Every structure is written in structure tokens, then in C-alpha cells.
A.B. asks: 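If you scroll down you'll find the structure; I have some questions about it.
Worth knowing before you read on, the calculation uses all heavy atoms, side chains too, and leaves out hydrogens, waters and symmetry mates. Everything numeric in this text was worked out from a predicted model, so none of it was measured.
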There are 2 protein chains.
Amino acid sequence: MKKKILIHDIAKHLEVSIATVSLVLNGKAKEKRISDVLAERVLKYVEEVGYKPNQLAKSLRTGKTHVIGLVIEDIANPFFATVAALIEKKALARGYRMLFCSTNNDSDKTRDLLTMFQERHVDGYILALPNGVEAEVRALVRSGKPLVLFDRLLPGVQANAVVVDGATGMYEATQHLVQQGFKRIALLMPQLDQSQMTGRAQGYAQALREAGLPQLVHKIAFPQEPGPLLQDTLAFFEAHPACDAVLFATNYLGVCGLEALRRLGRRIPEEIAVVSFDDNDLFRLYSPPITVVAQPLEALAEDAIGTLLASLENPAETGRIVQLQLAPQLVVRASSIRPRP
Amino acid sequence: MKKKILIHDIAKHLEVSIATVSLVLNGKAKEKRISDVLAERVLKYVEEVGYKPNQLAKSLRTGKTHVIGLVIEDIANPFFATVAALIEKKALARGYRMLFCSTNNDSDKTRDLLTMFQERHVDGYILALPNGVEAEVRALVRSGKPLVLFDRLLPGVQANAVVVDGATGMYEATQHLVQQGFKRIALLMPQLDQSQMTGRAQGYAQALREAGLPQLVHKIAFPQEPGPLLQDTLAFFEAHPACDAVLFATNYLGVCGLEALRRLGRRIPEEIAVVSFDDNDLFRLYSPPITVVAQPLEALAEDAIGTLLASLENPAETGRIVQLQLAPQLVVRASSIRPRP
DNA sequence: ATGAAAGCGCTAACAG
DNA sequence: CTGTTAGCGCTTTCAT
């Protein structure tokens with residue numbers, strides 16, 4: 001366990017002052033008119049002995065940590081996992097590290113998480129939050145910390161945000177089912193009062209209203225273990241045998257729904273058409289392939305990190321709020337095509 | 001943006017010394033014989049004004065950050081995402097935060113990541129690394145930092161580790177195919193020189209050797225974009241029409257393999273039997289359901305974090321190396337059952 | 001039981 | 001161009 005080398009050691013060895021070393025290391029050599037030859041000598045020695053400044057001390061002093069806090073619903077959800085991977089890659093490329101945590105839609109846990117991130121002095125936040133933490137986020141915005149909401153907004157909170165236009169996505173998906181001639185189109189969604197979910201429900205409702213068809217919405221209590229979730233879904237389909245098409249508002253409901261339909265032996269799309277929000281390998285490779293409303297993951301990640309870094313690197317612009325709404329894409333596959341009799 | 005309250009402010013307000021406040025806050029009141037009534041008063045006021053000690057300053061002073069660094073191959077891979085979610089939950093419950101990064105099997109990137117984690121003074125590491133960073137890890141072990149390798153070992157590195165016995169898992173899966181009467185059993189695996197992969201390959205080879213059947217191993221260059229990966233897999237199956245069963249050594253190869261077989265119109269299991277390593281929704285719900293070697297995710301997470309926390313909380317035991325090997329489970333589904341003609 | 005004070009390692013203002 | 005020095009906010013020893 002070799003002794004840690006300090007800035008002091010390197011200054012002493014080179015017989016220069018600590019300030020000189022620090023300035024050179026922080027790229028202020030030019031500005032402070034330190035001779036190139038000296039600067040070079042410092043850099044070379046630092047490299048040689050592998051000196052690494054203590055980031056904690058540096059952060060304590062400068063107030064910057066170069067860490068971004070990412071708060072998501074659940075890292076095991078493929079949607080969040082993929083976006084997180086993309087954000088991580090992009091952040092890393094720009095010199096930032098990520099500290100991640102999952103909320104599991106628990107607002108108490110989320111409050112703790114936000115507090116932790118503040119305590120750790122993250123430089124900025126990318127947040128997909130459950131409702132119930134509006135006060136905390138408003139305080140965060142007021143504090144001037146750069147922050148961007150993603151996937152979902154928070155009621156009454158004015159902040160940077162990057163979300164997907166689920167209303168339009170769901171509207172188009174529902175319209176597609178209507179055009180295919182389905183009449184009893186159900187929506188299965190989680191019982192969550194979050195902006196992205198209400199948006200999706202609105203798109204569904206509007207399309208059916210325009211078509212003059214009845215709505216059939218089933219909200220599934222949340223959070224739930226996989227077992228009860230499946231039971232609930234099975235019960236829904238058994239209670240509504242006339243339902244000839246179903247939209248799942250999230251990827252996990254879609255997965256669960258496919259399992260339920262298989263157990264019930266309902267043939268897709270002959271007996272029931274299926275569309276799910278979010279794309280993934282299962283939907284693409286299922287038999288039949290499942291029609292989905294695909295979210296633009298790459299753009300979501302790029303815009304979230306881009307917006308955050310912009311306000312991080314331009315503190316002057318704090319106050320300017322950027323809100324982006326990205327368009328999802330309806331990917332029609334066999335599961336929603338009405339079989340010609 | 002209200003001014004941050006400091007320990008100094010609270011000491012002044014209560015007309016006690018800074019030391020008293022600090023001691024009370026760190027639970028050393030008893031030890032230092034601070035009166036209960038005073039301690040109570042301090043705690044009450046701290047609570048009242050919502051004072052939060054600056055963790056950076058605290059860490060600089062104590063050398064502890066209460067952050068664990070988790071390095072995995074790819075957070076977008078469901079295996080790692082699930083394990084990460086479980087580890088995060090367990091770590092949080094014990095008061096630790098997680099800093100995650102993905103290596104994408106790039107050893108240069110991994111080296112940078114390890115350096116970053118050191119610079120950020122994480123208290124301990126949980127690592128699933130590519131080969132090529134043995135020297136760095138050995139140095140880390142030597143430095144006395146608690147660390148546990150998971151999923152895969154590193155050649156020549158003696159360290160705590162929690163891995164899955166892929167050799168036995170693959171041996172049993174292969175034996176199962178042999179018992180079902182398949183004769184030309186292929187193994188598709190990534191071209192990666194990592195312990196978990198060589199283990200899986202060994203299990204396959206041994207089972208076939210014992211059965212007196214020929215081996216057919218195809219290594220897929222890695223890393224690769226999804227497109228070329230699929231092309232490569234398609235080419236393999238076209239080149240080996242006689243192959244009547246295939247084992248995929250990873251979940252993503254399994255997914256890609258199913259897509260390839262579908263494109264080629266090969267019926268499973270009539271024309272070719274399929275088994276994949278790792279379980280997931282796709283394999284469970286595919287038609288036909290896919291036989292898998294399921295890894296014990298929960299146990300992997302629990303043992304990894306448990307081992308790490310044990311050595312974190314028991315610095316005395318540094319030097320005692322814990323190596324656990326967990327048993328995977330063969331889950332037989334329709335994809336590997338030989339149809340009776 | 002308590003207060004003063006010495007750092008943890010670094011940055012940056014200031015005075016040469 | 002360089003050296004000195006005052007903190008960043010907290011913990012902990014030591015003397016009281």
C-alpha cells in the first residue's frame with residue numbers, strides 16, 4: 001500500500017511552489033504566465049509519478065463534483081436501463097460520471113434519494129420521478145442546480161424537461177386499431193398518477209371518442225408483485241370476453257398481458273389484437289410480432305444529457321427553461337392486423 | 001437559494017462548541033459523556049433547521065464516502081440490469097450508495113473507470129471486468145480496498161469473488177440435449193477470453209466428449225453491432241444445416257439466434273433444438289418456450305454485496321479471501337424436447 | 001463535559 | 001513568474 005503522493009510532494013521535488021503546480025494542473029499556466037518550460041516540467045513529473053489530485057478535496061474547494069445524479073423508476077426495466085446506458089455513455093464522453101438510483105415509484109424513497117444526491121453535491125440531475133416530491137423538486141430548481149425532468153413531468157413544477165408525446169403515440173395506435181375494424185378496444189394501464197400515463201390514456205380516449213366507440217380502461221394497482229399482477233390481468237380478460245383488442249400502456253404490462261393471453265389460450269390477433277407501449281426484443285420476436293409505440297430512446301438520452309450539460313456549462317442561462325417533447329413511432333406488426341375472414 | 005447552514009451556525013445558536021455538536025451527531029455523545037439533555041437539545045435543533053453535514057468535508061476528513069463502485073459489462077443487458085437493481089436495493093438498505101459504470105468489455109475504458117472510482121474514493125468495489133486489467137485489480141487488492149469480483153474471475157488475480165458455475169450449468173444443458181437424442185449440438189459463444197465463458201465452453205465440451213459426439217463451436221467476434229451479429233449468426237446456421245441443436249452462451253446471443261432461426265424458417269424444436277444461458281421474459285414467453293440455464297440473480301446480488309459489506313465492516317479480516325460459486329438451474333422448456341416422430 | 005485548534009488536500013487571491 | 005496563505009466544512013485530540 002504505497003503512500004499517496006500529494007501536491008505538496010511534487011512541489012517540493014520540483015522545487016517550485018504548490019501554487020505553480022496547481023495552476024499548471026488546472027490549465028491556468030498561460031493565464032498566470034508560467035513559463036512553458038516550467039509547465040512542461042511539472043506535467044512531465046506529475047505524469048511520471050502518477051500523481052492524481054484528491055477529488056474530494058478539490059470538490060470541497062471548488063464546489064464541483066463532475067457527477068450527475070440520475071434518478072429513474074427502476075433500473076431493471078429495459079426502457080430505463082437502455083436510456084441509462086445511453087446517458088451514461090454520453091455523459092462519460094463529456095467528462096461526467098453518473099450516480100444512479102431507482103425510486104420504484106416510492107415517493108419517500110425518492111425524497112431520501114434526492115437528499116442523498118444533494119449531500120453528495122452532484123452537479124446536476126436527470127430525473128424521472130413519482131408524484132409527491134413536487135415541493136422538493138421546486139426547491140431544487142429554486143436553488144439553481146441544473147436539472148432536467150425526463151419521461152414524465154411533475155404537476156406544477158416548472159423545469160427543464162424531455163418527454164415523449166405519449167398522447168399522440170397512443171392516439172395513433174388506437175386509431176390504427178379502429179381502422180382495422182376492432183370495436184371493443186381496451187386499455188390496460190398502471191394505477192399511477194403520472195404525466196406520461198395520463199397522456200397515454202388521453203390519446204386512447206380521444207381516438208375512441210372520435211370513432212364513437214366505447215372506452216374500456218382497466219387500471220392495475222401498483223406496485224405489485226409479478227404474481228398478483230398476472231392474476232389481475234387474467235381476471236380482466238376473463239371478465240371482458242367481448243374485448244377484441246387491447247393496448248398496454250407500459251412494457252411490463254405488455255409482457256404480463258402476453259403471458260395472460262397465452263394462459264387463456266386467446267389467439268393473437270384472431271381473437272384479440274395487441275399493441276404495447278415501448279419496444280423490446282420480446283415484442284419484436286413474439287409470435288405473432290407485437291405492434292408497438294416505440295419511444296425514441298437515443299433521442300431521449302441525447303436531449304436529456306444535452307439539455308443538462310448546456311445549463312451546466314452555461315450557468316448564465318439558468319432561468320431559461322427548455323421543454324422538449326419527442327415523437328414516438330408506431331411500429332405496426334402482425335398482432336394488430338385484422339385477419340380477413 | 002437559502003444559505004447553507006453549517007455546523008458552526010448550529011453550535012453558535014445553541015451556545016455550545018462545534019465539537020459537542022459533531023460528537024452528538026456522530027453518536028459519540030455517550031462515549032464522551034455529554035449529558036443526555038444536551039445531546040437531546042442538539043438533535044432537536046438540528047432536526048428543526050434541517051441541518052445536513054457536508055458529506056464532502058466529512059469524507060475528506062474521515063476517508064469514508066459510503067459509496068460503492070459497481071462496474072459491469074453493460075447496464076442495458078438484462079442480466080446486469082437485474083443484478084444491479086438488486087445490489088442497489090440491498091446496498092441502500094445498509095446505508096450505501098452505488099456509483100455504476102459499464103465497461104462494454106473495453107479494457108482501456110475499464111482502466112479509466114477504475115481510476116475514476118479511486119479518485120472518487122469509493123469505499124469498495126463490485127466488479128465484472130474484461131481481461132486486460134489484471135495489474136490494476138491486483139494493485140487495488142494490494143491497496144487493501146474491499147473488493148469483490150462477480151460473474152467472472154480475472155486470470156491470476158486472488159480476490160473475493162462470487163460467480164456462477166457455468167461449466168456445470170452448460171454440462172447439464174448439453175447432457176439434456178444428448179439424452180433427448182440430438183446428435184449435432186452446436187455452441188455459439190462470444191469471442192471473449194473471460195472465465196465465465198471458458199467455463200461454459202468447458203461444460204459443453206465435456207458433455208459431448210462423454211457422449212462421444214462431435215463438437216461444433218462457433219465464436220462470434222465481439223463487440224459487434226446488432227446487424228453484423230445477426231449476419232454472422234445467419235451465416236453459421238446456413239453453413240451447418242445438419243446441426244440439430246444449439247446452445248447459446250449468453251442471453252443476447254440467444255435473442256439474436258432466435259431471430260436468425262426465425263428468418264431462416266427453422267422450426268424449433270422440430271428442425272433444431274435451442275437452449276440459452278440466462279433466463280428472461282423473451283425466452284419464457286417465446287413460441288415455443290426456450291429451455292435455459294438460469295442464473296441465480298438474487299443470490300448473486302446478495303452474496304456479492306454481502307461479501308463486500310462484510311469486508312467493509314470488518315477491516316480486520318482483510319486478507320481472508322472469500323470465493324463463492326453458485327449453482328445455476330436448468331429450466332427445461334419445449335424448445336429442447338425432441339418431438340416423437 | 002466542553003472549547004480551541006490542528007488538520008484532511010486542494011484552489012486561488014494576493015503580494016511580491 | 002512564484003511563494004504564502006486563507007479558507008472549503010468537518011472530525012477529533014488535548015487541555016481545561
A.B. asks: Any side-chain N or O of B:Tyr51 less than 4.0 Å from the OP1 or OP2 oxygen of D:dC10?
C.D. replies: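 Affirmative; the distance criterion is met.
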A.B. asks: Any ion pair linking A:Lys109 and A:Asp112 (charged N to carboxylate O, less than 4.0 Å)?
C.D. replies: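 No salt bridge links A:Asp112 with A:Lys109.
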A.B. asks: Between A:Asp36 and A:Ile18, just flag the one whose closest nucleotide in DNA chain D comes earlier from the 5' side.
C.D. replies: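 Result: A:Asp36.
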A.B. asks: Classify the angle between the aromatic ring planes of A:His13 and A:Tyr45 as parallel (below 30°), tilted (30 to 60°) or perpendicular (above 60°).
C.D. replies: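 Judged by the thresholds at 30° and 60°, the geometry between A:His13 and A:Tyr45 is parallel.
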A.B. asks: Within the structure shown, what part of the strands sits under 4.0 Å from A:Leu60 by heavy-atom distance: base, sugar-phosphate, or nothing?
C.D. replies: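 Base contact - A:Leu60 has a heavy atom under 4.0 Å of at least one base atom.
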A.B. asks: Using whole Å, report how far NZ of B:Lys12 lies from C1' of D:dC10.
C.D. replies: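 One finds 17 Å between C1' of D:dC10 and NZ of B:Lys12, rounded.
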A.B. asks: Using atom CD of B:Glu15 as one end and atom C1' of C:dA1 as the other, report the distance to the nearest whole Å.
C.D. replies: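 B:Glu15 atom CD is separated from C:dA1 atom C1' by 16 Å.
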A.B. asks: As a test of reading the structure: which of C:dT11, C:dT2, C:dA12 is closest to the side chain of A:Asn26, going by heavy atoms?
C.D. replies: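 Of all the options, the side chain of A:Asn26 is nearest to C:dT11.
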A.B. asks: Can you measure A:Asn54 atom CG to C:dG7 atom P for me and round it to whole angstrom units?
C.D. replies: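 Whole-Å distance recorded here is 17 Å.
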A.B. asks: If you find the nucleotide of DNA chain C closest to A:Ile7 and the one closest to B:Arg61, which residue's nucleotide is nearer the 5' end?
C.D. replies: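 The answer here is B:Arg61.
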A.B. asks: How long is the line joining CG of B:Leu56 and C1' of C:dG9, in whole Å?
C.D. replies: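 After rounding, the reported distance stands at 13 Å.
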A.B. asks: Return the 5'-most residue of the pair B:Ala57, B:Ala19 with respect to DNA chain D, ranking by each residue's nearest nucleotide.
C.D. replies: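 It is B:Ala57 whose nearest nucleotide is closer to the 5' end.
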A.B. asks: May I have the distance from B:Gln55 (atom CD) to D:dC8 (atom C1'), rounded to whole angstrom?
C.D. replies: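 Going from B:Gln55 (CD) to D:dC8 (C1'), I get 15 Å.
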A.B. asks: Ion pair present between A:Glu298 and A:Lys90, side-chain N to carboxylate O less than 4.0 angstrom?
C.D. replies: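 Salt bridge between A:Glu298 and A:Lys90, a charged N being under 4.0 Å from a carboxylate O: yes.
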A.B. asks: Mind calculating the distance between CD1 (B:Ile34) and C1' (C:dG3) to the nearest angstrom?
C.D. replies: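 The answer, rounded to whole Å, is 11 Å.
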A.B. asks: Write down the distance between NZ (A:Lys28) and C1' (C:dA12), rounded to a whole number of angstrom.
C.D. replies: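 To the nearest whole Å, that distance equals 7 Å.
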A.B. asks: The side chain of A:Thr62 lies closest to which of these nucleotides: C:dC10, D:dC10, C:dT11?
C.D. replies: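 Looking only at heavy atoms from C-beta outward on A:Thr62, the closest nucleotide is C:dT11.
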A.B. asks: Roughly how many Å is it from CD1 in B:Ile10 to P in D:dG9, rounded to a whole number?
C.D. replies: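 Between P of D:dG9 and CD1 of B:Ile10: 16 Å.
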A.B. asks: Could B:Glu302 and B:Arg94 be called an ion pair, given the rule that one side-chain N must be under 4.0 Å from one carboxylate O?
C.D. replies: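 Yes, this pair counts.
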A.B. asks: Quick one: label B:Ser22 by what it contacts on the DNA or RNA (base, sugar-phosphate, nothing), any heavy atom closer than 4.0 Å.
C.D. replies: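 Base contact - B:Ser22 has a heavy atom under 4.0 Å of at least one base atom.
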A.B. asks: Please determine if B:Glu313 and B:Lys64 form a salt bridge, counting it only when a charged side-chain N lies under 4.0 Å from a carboxylate O.
C.D. replies: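 The answer is no: the pair does not qualify as a salt bridge.
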A.B. asks: Looking at C:dG3, I'd like to know if its phosphate oxygens (OP1 or OP2) sit under 4.0 Å from a side-chain N or O belonging to B:Ser17.
C.D. replies: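 So the side-chain polar atoms of B:Ser17 do come within 4.0 Å of the phosphate oxygens OP1 or OP2 of C:dG3, strictly under.
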